[in-house]
Participant: 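Mind looking over this structure? Questions follow.
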Amino acid sequence: MLKESLLLPENAVYDHVIPAGDYWIHRIGAGQVFRLVDLEGNQAVDTLFYDAVDPDNRYSANDTVLNQGALYLTTGTELVSTRGDVLATIVADTCGRHDTLGGACSRESNTMRYSLDRGHMHACRDSFIRGLQSYGHGLDKRDIACNINFFMNVPVTPEGGLSFEDGVSAPGRYVELRAERGILCLISNCPQLNNPCNAYNPTPARVLIWAGRTRPAPEMLPHLIRG
Ligand SMILES: [Zn+2]
């Protein structure tokens with residue numbers, strides 16, 4: 001469902017551009033709102049989420065799809081963890097559809113989908129591993145699970161297959177999420193050169209974070225303080 005946000009970029013507490021093909025890993029506090037912007041259109045932003053305190057409790061594509069009874073992610077989708085907790089909720093979306101079935105590209109999929117001589121080409125799985133290793137805390141290859149592909153169009157065919165199609169996004173479209181607990185967000189801004197989902201042309205993505213809901217200062221609540 002298309003929904004615009006009222007938050008203004010100039011009020012963000014964090015503003016960063018992830019270069020085409022690069023990775024990004026960042027802690028996001030409970031209640032903070034973060035926006036991913038598809039700056040040039042049709043970029044696939046492969047994303048994983050973890051509970052920041054207990055990374056074994058991580059995004060589950062299966063439970064998220066089951067919970068909402070729908071295959072694609074958009075406004076209102078709750079991102080459910082392997083233990084059934086809601087890690088984040090999509091609160092605004094100007095693209096309208098995001099995939100969580102297609103998985104991340106890898107050297108192996110380069111070889112299988114395209115040709116043997118594409119096997120060496122950089123892929124999301126490499127970026128995920130580099131991101132986790134740069135973060136430390138014991139996170140590594142084993143912590144890569146099924147991901148979200150923001151801005152990517154992977155329709156399910158009537159026969160039950162998956163087809164990788166041209167993106168439905170466009171320059172400046174965004175998706176915005178509210179962290180429902182402290183989370184770790186790992187992004188591979190897909191470097192894939194062989195796939196129509198990012199128009200064979202990886203491009204940058206922007207991340208904005210706004211401060212969480214703040215409690216009113218005590219002087220604002222005299223009736224509560226005096227009981
Ligand atoms: Zn990729």
Participant: Can you name the salt bridge (Lys or Arg N to Asp or Glu O under 4.0 Å) partners of Asp63, sequence neighbours left out?
Facilitator: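 Residues passing salt bridge (Lys or Arg N to Asp or Glu O under 4.0 Å) with Asp63: none at all.
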Participant: Kindly compute the distance separating CD1 (Ile148) from OH (Tyr59), expressed to the nearest 0.5 Å.
Facilitator: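 Nearest 0.5 Å value for the CD1-OH distance: 4.0 Å.
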Participant: Pro191: what forms a side chain to side chain contact (heavy atoms under 4.5 Å, CB included) with it, not counting sequence neighbours?
Facilitator: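 Pro191 satisfies side chain to side chain contact (heavy atoms under 4.5 Å, CB included) with His122, Cys124, Ser188 only.
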Participant: Given salt bridge (Lys or Arg N to Asp or Glu O under 4.0 Å), test Lys141 with Asp143 step by step and report yes or no.
Facilitator: CA-CA 5 Å; Lys141 200 153 86 170; Asp143 299 296; over 6 Å; no
Participant: Specify the closest pair of heavy atoms between Thr94 and Lys3, including all atoms of both residues, with the distance to one decimal.
Facilitator: CG2-O, 4.0 Å
Participant: With sequence neighbours excluded, what pairs up with Arg35 under the side chain to side chain donor-acceptor pair (under 3.5 Å) test?
Facilitator: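 By the side chain to side chain donor-acceptor pair (under 3.5 Å) rule, Arg35 matches Ser5, Glu176.
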Participant: Hey, could you give me the CZ/CD1 distance between Arg58 and Ile183, rounded to the nearest 0.5 Å?
Facilitator: 14.5 Å
Participant: Salt bridge (Lys or Arg N to Asp or Glu O under 4.0 Å) with Asp22: which residues, sequence neighbours excluded?
Facilitator: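 Checked Asp22 against salt bridge (Lys or Arg N to Asp or Glu O under 4.0 Å); zero matches.
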Participant: For Gly41 and Asp38, work out which heavy atoms get closest and say how close.
Facilitator: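 Closest approach of Gly41 to Asp38: N-OD1, 3.1 Å.
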Participant: If you link I, L, V, M, F, W and Y whenever their side-chain heavy atoms are under 4.5 Å apart, who else ends up in the same group as Leu186?
Facilitator: Ile25, Leu48, Tyr50, Phe128, Ile129, Leu132, Tyr135, Leu139, Ile144, Leu184
Participant: Answer yes if the ring centres of Phe151 and His98 are under 6.0 angstrom apart, and no otherwise.
Facilitator: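 Ring centroids of Phe151 and His98 are less than 6.0 Å from each other.
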Participant: Nearest 0.5 Å please: distance from the CG atom of Asp93 over to the CD atom of Glu4.
Facilitator: 11.0 Å
Participant: Listed by chain and number, what are the side chain to side chain contact (heavy atoms under 4.5 Å, CB included) partners of Leu71, not counting sequence neighbours?
Facilitator: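 Val65, Leu101, Val156.
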Participant: Please find out if less than 6.0 Å separates the ring center of Phe34 from that of His26.
Facilitator: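 Between His26 and Phe34, which both carry aromatic rings, the centre distance is not below 6.0 Å.
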